[in-house]
Number of protein chains: 2
Amino acid sequence: MADRPLRADARRNRDRVLAAADAAFGERGFGVPLDEIAAAAGVGPGTVYRHFPTKEALFEAVSLARVQDLVADAQARATATDPGSAFDGFLTRLAEEADRKRDLPDALAGAGARGMSDAVAELQAALDVLLARAQTAGAVRGDVTVPDLIALLKGLLQVVGTDSDPALGRRVFAVVRDGLRPQQG
Amino acid sequence: MADRPLRADARRNRDRVLAAADAAFGERGFGVPLDEIAAAAGVGPGTVYRHFPTKEALFEAVSLARVQDLVADAQARATATDPGSAFDGFLTRLAEEADRKRDLPDALAGAGARGMSDAVAELQAALDVLLARAQTAGAVRGDVTVPDLIALLKGLLQVVGTDSDPALGRRVFAVVRDGLRPQQG
DNA sequence: GACGATACGGAACGTGCGCCCCGCTTCGCT
DNA sequence: AGCGAAGCGGGGCGCACGTTCCGTATCGTC
């Protein structure tokens, strides 16, 4: 467990693999063959396995960074003065990222993995703050829970990422956003 | 092309395969191995291929029936006196079927297939009537299009079908339904 | 009941992909 | 420069799955 520092070339290759994986997973989701990622990184498949025990581990490494980004963003917004637009801002950011990060739904779904679950838990906590503040401020309906929100976002990301028409994505997003507002009646 | 009548055992096997495929696809989506479907039908894989040229063709045969069901339902509701609740009713029906028909999203997505596209076109036409009537009646916001609706439903079905908590599904559905209402402002 | 046509079953093939192995290269220290 | 250790590459294995082939069984007719 002495975590000896990596040799220079090893570190370089590791970084290249991560970069290639980030790009490939982002564009096409978890489905990309590992050999392709290796090739894009200018590396043999064996090298990928020297650094990551499994394809899933590689995916998690990439996803972890993505989710941690989201957490940081959510936390930053949580201190904004207007809870409603803080919530909106977060949702909008997600919608905008949808087609640049096709793997986000998979990442959110794969909460079963080690280490990943911590990040997802953090995300849930951060969303909890964002959501609760927006709810008490009357910007979001009260009966929605954090799991609901995540499920909704997952679906939204999938739809927006799958369909090519950006206008459709915007309208669908608007429907969901409006549905999240308090309903009179 | 003389479409000679099938031998008795052939017809029986064909029906069994269709029934098994319907059940398997419905429960687990397009992903089920074909061998498993064959086994469930008490038949060898070769027999399946005697009746359907490809796995996709089998899936389409099942999907076609599902989509045609939806079309019939939508058409029936289209003549109801209250356009708003007709629309709601259709949505509710879909939400209720979500976990019994896990393949519905795939079926809606696979509009690229022959014959299938006809059925999807019919569904679009039927939805068009349902939607237009609900919109003119003021029950649904005017900026939503049929493709929007289908994308939304696809996402909804996926989310509801994936998650095990039925209460979550109900709340998510409520959010979407409310988001589809005309927004004041 | 016998014969040809039809259909069946499941072993086998091809492909795609995750993952491992091992001979060779490269690094880093002295 | 030289040597041991660390790392690399890519061929190859095993598995899953869609699809095909063909020897055998079943059907339907005369």
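Throughout, protein chains are lettered first and strands after them, A, B, ... in sequence-line order, and every chain is numbered starting at 1. On a predicted model such as this, the values are computed, not experimentally measured, just so you know.
- Residues from residues 15-29 of chain A lying near DNA chain C, meaning a heavy-atom separation below 4.0 Å, are absent.
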Practice item. Check step by step if side-chain contact (heavy atoms from CB on, under 4.5 Å) holds for A/R102 and A/E27. Key: CA-CA 6 Å; A/R102 292 268 157 95; A/E27 261 172 54; 5.7 Å; no
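- For the ring pair (Phe, Tyr, Trp, His ring centres under 6.0 Å) condition, no pair includes a residue of residues 31-54 of chain A, sequence neighbours left out.
- Side chain to side chain, A/D88 and A/S85 fail the donor-acceptor criterion of an N or O pair below 3.5 Å.
- Atom NZ of A/K55 is separated from atom C1' of C/dC17 by 8 Å (rounded to the nearest Å).
- Looking at every heavy atom in both residues, A/A119 comes nearest to A/L64 through CB-CD1, 3.5 Å.
- Going from atom NE2 of B/H51 over to atom C1' of C/dC8 covers 9 Å, rounded to whole Å.
- Without hydrogens or angle criteria, A/T145 side chain to A/D148 main chain gives a donor-acceptor distance under 3.5 Å.
- In this structure, A/F52 places its CZ atom 15 Å from P of C/dC20, rounding to the nearest Å.
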Exercise for review: Begin with the C-alpha distance, continue with both residues' side-chain angles, and end with the deciding distance and a verdict on side-chain contact (heavy atoms from CB on, under 4.5 Å) for B/L180 and B/L149.
Suggested key: CA-CA 9 Å; B/L180 283 170; B/L149 193 56; 4.1 Å; yes
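- One axis for each end of the helix from C/dG1-D/dC30 to C/dT30-D/dA1, each built from five base pairs, and the angle between them comes to 0° at 10° resolution.
- In 5' to 3' order, the nucleotides of DNA chain D bounding all contacts with chain B (an atom under 4.0 Å from a heavy atom) are D/dC17 to D/dG28.
- The list of ring pair (Phe, Tyr, Trp, His ring centres under 6.0 Å) pairs with a residue in residues 56-75 of chain B, not counting sequence neighbours, reads B/F25-B/F59, B/F30-B/F59.
- Residue A/T54 places at least one side-chain N or O closer than 4.0 Å to OP1 or OP2 of C/dC19.
- Remark: B/G42, B/V43, B/G44, B/P45, B/G46, B/T47 in residues 30-47 of chain B come within less than 4.0 Å of DNA chain C through at least one heavy atom.
- Residues B/Q135 and B/V144 share a closest heavy-atom pair of NE2-O, 3.0 Å.
- Checking each of B/R16, B/R66, B/R100 against B/D22 for a salt bridge (charged side-chain N to carboxylate O under 4.0 Å, His left out) leaves exactly one that passes, namely B/R66.
- Remark: B/R181 engages B/D178 in a salt bridge, criterion side-chain N to carboxylate O under 4.0 Å.
- Residue-to-nucleotide proximity on DNA chain C shows that, of A/Y49 and B/R7, the 5′-proximal contact is made by B/R7.
- Residues B/L6 and B/P53 each lie close to DNA chain D; by heavy-atom proximity, the contact nearer the 5' end of the strand is made by B/P53.
- Rounded to whole Å, the distance from CZ on B/R12 to P on C/dT6 is 18 Å.
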Exercise for review: Tell me, with the steps shown, if B/R171 and A/D143 meet salt bridge (Lys or Arg N to Asp or Glu O under 4.0 Å).
Suggested key: CA-CA 8 Å; B/R171 284 193 302 266; A/D143 63 344; over 6 Å; no
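- A/Q158 contributes no side-chain N or O that, together with a main-chain N or O of B/G155, makes up a donor-acceptor pair within less than 3.5 Å.
- When rounded to the nearest whole Å, the span between CD of A/E56 and P of C/dC17 equals 17 Å.
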Practice item. Determine, step by step, whether B/D128 and B/Q124 satisfy the side-chain contact (heavy atoms from CB on, under 4.5 Å) criterion, reporting the C-alpha distance in whole Å, the side-chain angles of both residues, the deciding distance to 0.1 Å, and the verdict. Key: CA-CA 6 Å; B/D128 199 29; B/Q124 285 177 331; over 6 Å; no
